[in-house]
Structure formats: structure tokens, C-alpha cells
Amino acid sequence: MSSSDTEARPVMGEQALYDSFMAVARNRITTRQFEPNYDVPKEHYAMILEAARHAPSGANAQPWHYIVVREPTVKQKIADYFVAEQRIRAKLKMKFPTPNYAGLADAPGFIVVVADFRYVKAFPVLKDDDSDLNKMYIENAERILLQSVAASTMSAHLAAAALGYNVWWVTAIGQQEAQDAMRPLLNVPDELSILDIMCFGPPLKEPYKRWKKTPQEITHWDVFDRSNFMTDEELDTWIKKKRHKVMYKDAAKID
Ligand SMILES: Cc1cc2nc3c(=O)[nH]c(=O)nc-3n(C[C@H](O)[C@H](O)[C@H](O)COP(=O)(O)O)c2cc1C
């Protein structure tokens with residue numbers, strides 16, 4: 001255990017600490033284009049990954065690894081892969097408003113998030129059993145694992161935001177092809193999966209705050225409040241009419 005693992009506990013209900021935390025949480029804002037010539041100090045990577053390290057995880061498995069990529073040619077190769085994928089998605093008529101992934105190459109901070117799915121075995125599953133019952137447990141175990149890695153990644157994003165950076169959470173496409181293309185670039189063992197890319201740095205343009213649901217829309221007291229429930233049709237309409245706006249527009253400019 002390092003000395004930084006034990007810390008004085010915050011005073012319960014302390015407003016000042018909460019306010020500082022919220023200043024970070026509210027200002028964790030995605031940007032997809034960064035100032036290309038900025039050099040991230042090495043200690044910032046350490047500070048960001050220190051936050052990742054303290055995250056909770058199912059069975060305390062900590063099924064994550066973080067690869068700090070500093071080599072511009074490697075960043076470029078990964079960016080090229082995503083730009084190509086963007087074209088494939090367009091051809092497939094997925095109608096997903098895909099961003100321009102060229103910005104990945106210029107991200108000053110570039111961390112590849114690697115998950116070790118073998119830890120699924122550390123969660124409640126039946127041993128050597130391919131029954132339907134075990135499929136259900138395995139599915140649940142995979143969710144536990146994904147949530148664990150997301151919890152750690154989120155801590156890293158918040159730490160980057162606390163250092164004043166903008167961030168970009170990019171999902172590494174899960175297909176085998178993508179994994180095969182990226183693994184050798186980073187020497188990632190076949191047993192592991194590249195899950196996300198975390199980019200950060202000073203933004204190239206003024207960042208904007210995206211739409212967030214109101215507290216009332218997401219908070220349910222004691223039981224689920226149906227007034228906050230969307231029917232399938234309402235959800236389809238939201239995807240058609242709103243999704244592209246909430247992804248790429250300033251919340252203040254959405255009608
Ligand atoms: C799990 C997860 C996956 C994401 N994947 C992508 C992605 O592949 N590409 C991308 O441009 N943004 C991605 N994002 C960023 C979201 O688009 C962004 O967080 C959202 O639009 C809200 O904006 P904000 O981060 O500024 O609050 C992802 C975010 C999360 C949490």
C-alpha cells in the first residue's frame with residue numbers, strides 16, 4: 001500500500017469539498033479536437049491513473065490496464081483505424097451520427113483502456129457449465145466487469161477534468177477485427193481486450209456544455225415514477241429528432 005492510499009476522511013456533509021467536486025464533475029466536458037502542440041507533463045498521467053487505481057470493482061478484481069500512448073505515429077495509426085471504421089458505419093447506413101475521429105491523432109493525452117475479461121471467472125458463475133442458467137450468470141458477470149472498468153475509467157476522466165483538461169471517451173469497437181488491428185501496435189496480449197481510448201488535453205475550440213436531463217427526470221423517490229418513463233415510440237422519436245443535437249450541440253442552443 002502506498003502512503004497515498006490512506007487519507008484523512010472528509011467531514012460528513014462538508015459543502016466546500018462537495019462544491020469543489022461538482023466544479024470538476026460539471027466541467028468534465030467532451031471535446032473531439034485538441035490543441036495539437038500541447039505536451040502533457042508526465043506527472044499528469046500519473047495523477048490521472050492514480051485516480052483510476054482507486055476505483056471500485058466487482059470482487060475487487062481491478063480488471064484494467066492503462067497504456068499511455070505518447071508516440072505520435074501510433075496515435076495516428078489508431079486514428080486511421082477509427083476514421084476507416086467511421087466510413088464502414090456510413091456505408092452500413094447505421095445512421096449513427098459518428099464524429100470525426102481524425103482528432104484522435106492530435107490528442108495530447110492518449111490512454112488506451114484494456115480490460116481483462118478473464119476476471120469474469122472471479123464473479124458468481126458456475127464452473128465449466130454451458131447451461132442457459134450459467135449463460136445468464138456469465139452475462140451478468142460481463143456486466144459487472146464492464147461496469148468496473150467504466151468506474152475506473154470515469155475516475156481517470158474526472159481526474160483529467162480536475163487538472164483542467166477536456167476529455168474524449170472513445171469506445172474501441174468491439175469487433176475482433178478492431179482488436180486484431182490495434183493489439184500488435186500496443187503489444188497487448190491476445191487474452192486482453194482494448195475497450196476504450198481516453199483522450200484529453202486543452203480544447204482546440206471553446207468547449208460547450210451538452211444537454212443533461214434534469215434531476216426530476218432521473219430521480220425516483222421510493223418507487224419508479226412512470227411520468228419519467230418513455231414508451232418505445234417516444235424513445236424512437238428521441239433517437240430520430242434529438243440524439244444528434246444532444247451529442248453535438250451546446251445545450252443552450254437546443255430548442
Ligand atoms: C461509455 C461511453 C462511450 C462513449 N463512446 C464515444 C465514442 O465512441 N465516440 C465519441 O465521440 N464519444 C463517445 N462518448 C462520449 C459521449 O458522446 C459524450 O460523453 C456525450 O455526448 C455527453 O457529452 P459530455 O461528455 O460533454 O457530457 C462516450 C461516452 C461514454 C460514457
Side-chain angles (χ1 to χ4, degrees), residues 1-5 7 24-25 27-32 34 38-82 101 103-120 122-123 142-175 178-202:
M1 192 160 84
S2 75
S3 59
S4 58
D5 283 357
E7 198 97 21
V24 173
N27 284 298
R28 183 221 44 81
I29 292 177
T30 299
T31 191
R32 296 182 175 93
F34 297 91
Y38 177 81
D39 255 339
V40 177
K42 201 170 178 192
E43 61 269 25
H44 284 187
Y45 287 112
M47 289 162 91
I48 287 167
L49 296 183
E50 175 62 6
R53 193 171 78 81
H54 285 280
S57 57
N60 200 12
Q62 304 171 44
W64 49 67
H65 294 272
Y66 293 93
I67 305 176
V68 176
V69 178
R70 289 168 299 172
E71 185 54 59
T73 54
V74 176
K75 290 184 190 176
Q76 184 65 59
K77 279 184 185 158
I78 294 177
D80 290 347
Y81 178 77
F82 276 88
Y101 284 113
L104 279 169
D106 288 331
F110 195 110
I111 301 178
V112 175
V113 183
V114 176
D116 190 339
F117 274 89
R118 293 172 305 168
Y119 276 97
V120 160
F123 306 142
E142 282 169 354
R143 285 185 193 164
I144 297 172
L145 196 133
L146 280 174
Q147 289 177 74
S148 302
V149 181
S152 172
T153 305
M154 184 60 185
S155 292
H157 278 244
L158 287 173
L163 286 166
Y165 293 123
N166 281 92
V167 289
W168 187 10
W169 184 315
V170 180
T171 320
I173 314 101
Q175 300 137 355
Q179 297 287 333
D180 293 346
M182 282 188 274
R183 252 196 212 104
L185 288 175
L186 305 163
N187 245 350
V188 173
D190 289 348
E191 288 84 349
L192 308 185
S193 307
I194 297 171
L195 205 59
D196 292 308
I197 319 279
M198 171 191 177
C199 295
F200 62 94

Quick check: closest heavy atoms across [X] and [Y], and the distance to 0.1 Å?
{"X": "F200", "Y": "I111", "answer": "CE2-CD1, 3.9 Å"}
{"X": "A115", "Y": "V149", "answer": "CB-CG2, 4.0 Å"}
{"X": "C199", "Y": "L104", "answer": "SG-CD2, 3.4 Å"}
{"X": "Q179", "Y": "L192", "answer": "OE1-O, 4.3 Å"}
{"X": "L145", "Y": "Y119", "answer": "CD1-CB, 3.8 Å"}
{"X": "V167", "Y": "A160", "answer": "CG1-CB, 3.8 Å"}

[X]: which residues meet the side chain to side chain contact (heavy atoms under 4.5 Å, CB included) condition with it, sequence neighbours left out?
{"X": "I67", "answer": "V69, V112, V114, L186, V188"}
{"X": "A150", "answer": "W169"}
{"X": "A161", "answer": "V24, R28"}
{"X": "Q147", "answer": "R143"}

Roughly how far apart are [X] [atom1] and [Y] [atom2], rounded to 0.5 Å?
{"X": "L163", "Y": "H44", "atom1": "CG", "atom2": "NE2", "answer": "5.0 Å"}
{"X": "R183", "Y": "E191", "atom1": "CZ", "atom2": "CD", "answer": "8.5 Å"}
{"X": "I78", "Y": "I197", "atom1": "CD1", "atom2": "CD1", "answer": "5.0 Å"}
{"X": "N27", "Y": "L158", "atom1": "CG", "atom2": "CG", "answer": "11.0 Å"}
{"X": "T73", "Y": "L185", "atom1": "OG1", "atom2": "CG", "answer": "9.0 Å"}

task = Please tell me if the side chains of F117 and L195 come closer than 4.5 Å, counting only heavy atoms from C-beta onward.
result = yes
key: Contact check, side chains of W64 and S57, non-hydrogen atoms, under 4.5 Å   = yes
Side chain to side chain donor-acceptor pair (under 3.5 Å) partners of residues 150-162, not counting sequence neighbours, each pair once = Y66-S152
In chain order, what residues pass the salt bridge (Lys or Arg N to Asp or Glu O under 4.0 Å) check against [X], with sequence neighbours excluded?
{"X": "R70", "value": "none"}
{"X": "D116", "value": "R118"}
{"X": "D190", "value": "none"}

With [X], which residues qualify under ring-ring contact (aromatic ring centres under 6.0 Å, His included), at least two apart?
{"X": "F34", "result": "none"}
{"X": "Y38", "result": "Y165"}
{"X": "Y101", "result": "F82, W168"}

query = Which pairs count as salt bridge (charged side-chain N to carboxylate O under 4.0 Å, His left out) when at least one residue sits in residues 146-167, sequence neighbours excluded?
reply = none
query = Does the K77 side chain pair with the main chain of A181, one donor and one acceptor, at a distance under 3.5 Å?
reply = no
